[in-house]
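See structure below.
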Amino acid sequence: MRELRVTPIKNGTVIDHIPAGMALKVLKILGITEESSDSTVSVAMRVTSKKSTLKDIVKVEDRELLEKEVDKIALVAPNATINIIQNFNVKQKHKVELPEVAKGILICGNPNCITNLREPVETEFVVVSKSPVRLRCVYCERDLENIVDAIT
């Protein structure tokens with residue numbers, strides 16, 4: 001078996017325990033594209049974890065995540081771990097937490113919802129279920145069909 005080694009980063013963020021196949025969605029959430037990122041970004045997909053399951057990992061050098069970005073990641077990877085790296089060492093490590101209410105980070109799929117009718121109303125979704133993740137709009141009470149596509 002061939003082992004692939006990814007070099008450590010000096011400073012930045014490592015997002016671990018992303019469900020297999022979701023790393024590219026995490027990059028989208030972070031707004032990282034080929035053209036937009038000046039930082040080195042490493043993506044490992046379908047890596048075997050200690051629990052014998054497959055996972056993805058995203059490393060972003062010289063960047064710490066904003067609270068809203070962490071909340072968005074929690075929606076698509078509720079068991080992810082965020083590691084803040086400084087001088088090649090883990091300074092801080094924590095699991096993401098699914099917020100009870102997701103405010104201003106999603107778009108409602110209902111075209112008739114008040115949040116889509118040019119009113120100055122910020123979207124708000126409550127978590128109906130954590131496993132699997134299900135969200136409901138507090139205004140029109142419609143369940144969100146595709147969370148990934150609804151993330152702003």
Side-chain angles (χ1 to χ4, degrees), residues 1-34 36-109 115 122-152:
M1 180 162 79
R2 203 176 105 206
E3 187 174 319
L4 178 66
R5 302 211 17 105
V6 179
T7 57
I9 60 175
K10 182 176 181 182
N11 297 302
T13 303
V14 176
I15 307 160
D16 197 359
H17 304 288
I18 301 167
M22 297 296 280
L24 298 179
K25 296 189 185 335
V26 170
L27 291 177
K28 180 181 176 189
I29 287 168
L30 299 177
I32 296 173
T33 63
E34 213 175 300
S36 72
S37 185
D38 292 334
S39 302
T40 299
V41 177
S42 301
V43 178
M45 298 178 75
R46 303 186 57 78
V47 177
T48 305
S49 72
K50 292 177 185 171
K51 298 176 184 173
S52 298
T53 57
L54 296 176
K55 66 178 181 177
D56 291 353
I57 303 168
V58 172
K59 292 182 175 188
V60 185
E61 284 197 81
D62 301 320
R63 179 165 173 194
E64 287 192 30
L65 305 184
L66 303 172
E67 187 177 334
K68 277 195 172 193
E69 291 173 322
V70 175
D71 286 348
K72 291 176 185 181
I73 290 168
L75 294 172
V76 297
N79 296 315
T81 305
I82 307 290
N83 299 291
I84 307 300
I85 310 298
Q86 285 186 346
N87 293 317
F88 297 104
N89 293 308
V90 177
K91 176 190 170 205
Q92 189 179 31
K93 180 177 186 168
H94 65 276
K95 288 185 70 105
V96 297
E97 289 185 36
L98 195 61
E100 293 296 319
V101 177
K103 221 175 179 173
I105 60 175
L106 298 158
I107 298 170
C108 185
T115 62
E122 188 174 49
T123 60
E124 189 172 338
F125 290 84
V126 293
V127 176
V128 177
S129 167
K130 292 187 177 198
S131 183
V133 177
R134 284 188 39 234
L135 305 169
R136 181 169 294 142
C137 178
V138 298
Y139 298 106
C140 69
E141 297 185 352
R142 183 181 281 191
D143 283 3
L144 194 57
E145 303 262 334
N146 187 338
I147 294 171
V148 174
D149 290 342
I151 294 174
T152 60

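Since we're looking at a predicted model, the values are computed, not measured.
Note that the OG1 atom of Thr152 and the CD1 atom of Ile107 stand 6.0 Å from one another [nearest 0.5 Å]. Put simply, CD1 on Ile73 and CD1 on Ile82 are 4.5 Å apart, with the number rounded to the nearest 0.5 Å. Atom-to-atom distance recorded for Leu135:CG and Glu145:CD is 12.0 Å, nearest 0.5 angstrom. Rounded to the nearest 0.5 angstrom, Arg136 CZ and Cys108 SG are separated by 11.5 Å.
Counting only heavy atoms from C-beta outward, the side chains of Asp56 and Val47 never approach each other to under 4.5 Å. In this structure the side chain of Tyr139 reaches within 4.5 angstrom of the side chain of Thr115, judged on heavy atoms. Side-chain contact between Asp71 and Val96: absent, with no pair of heavy atoms (C-beta onward) separated by less than 4.5 Å. Residues Ile57 and Met45 fail the side-chain proximity criterion, which asks for heavy atoms closer than 4.5 Å. Under the 4.5 Å side-chain criterion, counting only non-hydrogen atoms from C-beta, Cys137 is not in contact with Thr123. Between Val101 and Phe125 the shortest side-chain heavy-atom distance does not fall below 4.5 Å. Proximity of Leu106 to Leu144: side-chain heavy atoms (C-beta onward) are separated by under 4.5 Å at one or more points. Ile9 places none of its side-chain heavy atoms less than 4.5 Å from the side chain of Thr40.
Taking 4.0 Å as the cut-off between side-chain N and carboxylate O, Arg63 and Glu69 count as a salt-bridged pair. A salt bridge links Asp16 with Lys55: at least one charged nitrogen is closer than 4.0 Å to a carboxylate oxygen.
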- Message: Does Val14 form a side-chain contact (heavy atoms from CB on, under 4.5 Å) with Thr81? I'd like the steps, not just the answer.
- Response: CA-CA 8 Å; Val14 176; Thr81 305; over 6 Å; no
- Query: Does the pair Lys59 and Ile15 meet the rule for a side-chain contact (heavy atoms from CB on, under 4.5 Å), with working shown?
  - Reply: CA-CA 6 Å; Lys59 292 182 175 188; Ile15 307 160; over 6 Å; no
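Minimum heavy-atom separation, Leu98 to Ala74: CD1-O, 3.4 Å. Looking at every heavy atom in both residues, Arg46 comes nearest to Ala20 through NH1-CB, 4.1 Å. When all heavy atoms of Thr13 and Glu64 are compared, the closest pair comes out as OG1-CA, 3.4 Å. The nearest pair of heavy atoms linking Ile18 to Ala23 is CG2-N, 4.0 Å.
Looking at residues two or more places apart in sequence or on another chain, you find a side-chain hydrogen bond (donor to acceptor under 3.5 Å, both in side chains) between Asn146 and Asp149. Under the salt bridge (Lys or Arg N to Asp or Glu O under 4.0 Å) criterion, Glu97 pairs with no residue, sequence neighbours left out.
Other residues, nucleotides and ligands contribute only 12 or fewer heavy atoms inside 6.0 Å of the NZ atom of Lys25.
Partner of Asn11 under the side-chain contact (heavy atoms from CB on, under 4.5 Å) criterion, out of Asn89, Ile85, Asp62: Asp62 alone.
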